[in-house]
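Just below is one structure, and these are the notes that go with it.
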Amino acid sequence: MTEKMPVLFVGHGSPMNAIEDNEFSRAWRDAGKTLPRPRAILCISAHWVTRGTLVTAMEQPRMIYDMYGFPKELYEVKYPAPGSPDLAEQVRRIIKKTEVHSDQEWGLDHGTWSVLSNMFPEANVPVIQMSLNANLAVGDHYEVARQLKELREEGVLIISSGNIVHNLSLVQFRDFAYDWATEFDTQVKNWILTDDHDPIINFQKQGQAAQLAINSGEHYVPLLYSLALKDEDDKISFFAEKVWGGSVSMRSVRIG
């Protein structure tokens, strides 16, 4: 029998977390040590937004350095995990809510490799990515994600990577948090703990703190992919709980 896999949402923040030894990279490394070994990993990253839903289907995904103005050593990070065309085809088959297309061009972006290089540094677990379909309404993302549940029973670790609070227009590169950022991050934490997903999906109705926290949705929507996969008996825990830089929540969630 394959062990049922947990599900993760990781607040990934700065790509520098891939090479820095800090409280966030250490939390990711510690979280990785507590996970059962997966057969494969499916990652939904804030940094792959497409028209239509795509899933990477190559044997060896390439590195994507989709960030600018960082130190040279960050662009030298390698994460040579293999892909899994078979898993990509399975994802295409089980999702009925929207048509999923195979992709041979993308690879692993920093929303994926910055996290996995800490959690699974050996890079010996196959990894695929599924894109965020910009044509879908927010609630539809939740419904698409629900169709992935069977993968948990088959040894697939599903990780979504984004940030609950992500407003780079207001970020300050120091260790503090705006009141509204802490307010919304705490609201979302409480909704998660009480299995109240409706206000999380309908974040546009949650007032000024939510509007400031989510000035663009691509970092927030990955959270829905993790929450949709929760079973009634799954326990919830948090790691890397902090708002950094004023307006970036590093809160990460383990389900199961």
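Within the structure, the salt bridge (charged side-chain N to carboxylate O under 4.0 Å, His left out) test picks out the following pairs touching residues 191-203 (sequence neighbours left out): Asp195-Lys230.
Separation of atoms CD (Gln187) and CD1 (Ile164) is listed at 11.5 Å; rounding is to 0.5 Å. Atoms CD and CD, from Gln211 and Gln204 in turn, are 9.5 Å apart once rounded to the nearest 0.5 Å. Atom OG of Ser160 is separated from atom NE2 of His141 by 12.5 Å, given to the nearest 0.5 angstrom.
Defined by atom type and a distance below 3.5 Å, a donor-acceptor pair is missing between the side-chain atoms of Asn17 and Asn118. Checking Ser247 against Asn167 by side-chain atom types alone, no donor-acceptor pair falls below 3.5 Å. No hydrogens or angles considered: a donor-acceptor pair under 3.5 Å links the side chains of Ser45 and Asp109. With 3.5 Å as the limit, one finds no donor-acceptor pair spanning the side chains of Ser84 and Asp86.
A cation-pi arrangement is present between Arg251 and Phe238 under the rule of less than 6.0 angstrom and at most 45 degrees off the ring axis.
In summary, the aromatic rings of Tyr75 and Phe70 are positioned with their centroids too far apart to meet the 6.0 Å limit. Residues Tyr65 and His110 keep their aromatic ring centres 6.0 Å or farther apart.
Ring pair Phe176/Tyr178 is perpendicular by interplanar angle, where above 60° counts as perpendicular and below 30° as parallel. Classified by interplanar angle (parallel below 30°, tilted 30° to 60°, perpendicular above 60°), the ring pair His219/His166 is parallel. Tyr142 and His197 have perpendicular rings, their planes meeting at more than 60° on a 0 to 90° scale where under 30° would count as parallel.
Counting non-hydrogen atoms of neighbouring residues, nucleotides and ligands closer than 6.0 angstrom, the CG atom of Asn124 exceeds 12 such neighbours. Taking a 6.0 Å sphere around CD of Gln208, one finds it holds 12 or fewer heavy atoms contributed by other residues, nucleotides or ligands. Within 6.0 Å of CD in Glu59 there are 12 or fewer heavy atoms belonging to other residues, nucleotides or ligands. Applying the 6.0 Å contact sphere to CD of Gln60 captures more than 12 heavy atoms from other residues, nucleotides or ligands.
No salt bridge links Glu99 with Arg92; every basic N to acidic carboxylate O contact stays at or beyond 4.0 Å. Asp185 and Lys242 are not joined by a salt bridge, as no carboxylate oxygen comes within less than 4.0 angstrom of a charged side-chain nitrogen.
Taking 4.5 Å as the limit, some side-chain heavy atom of Ile159 sits within range of a side-chain heavy atom of Leu116.
With respect to Arg254, the side-chain contact (heavy atoms from CB on, under 4.5 Å) criterion is satisfied by exactly one of Leu35, Asp234, Val7: Leu35.
Summarising the geometry of Leu229 relative to Leu148, their closest heavy-atom pair is CD2-C, 3.8 Å, with the distance given to 0.1 Å.
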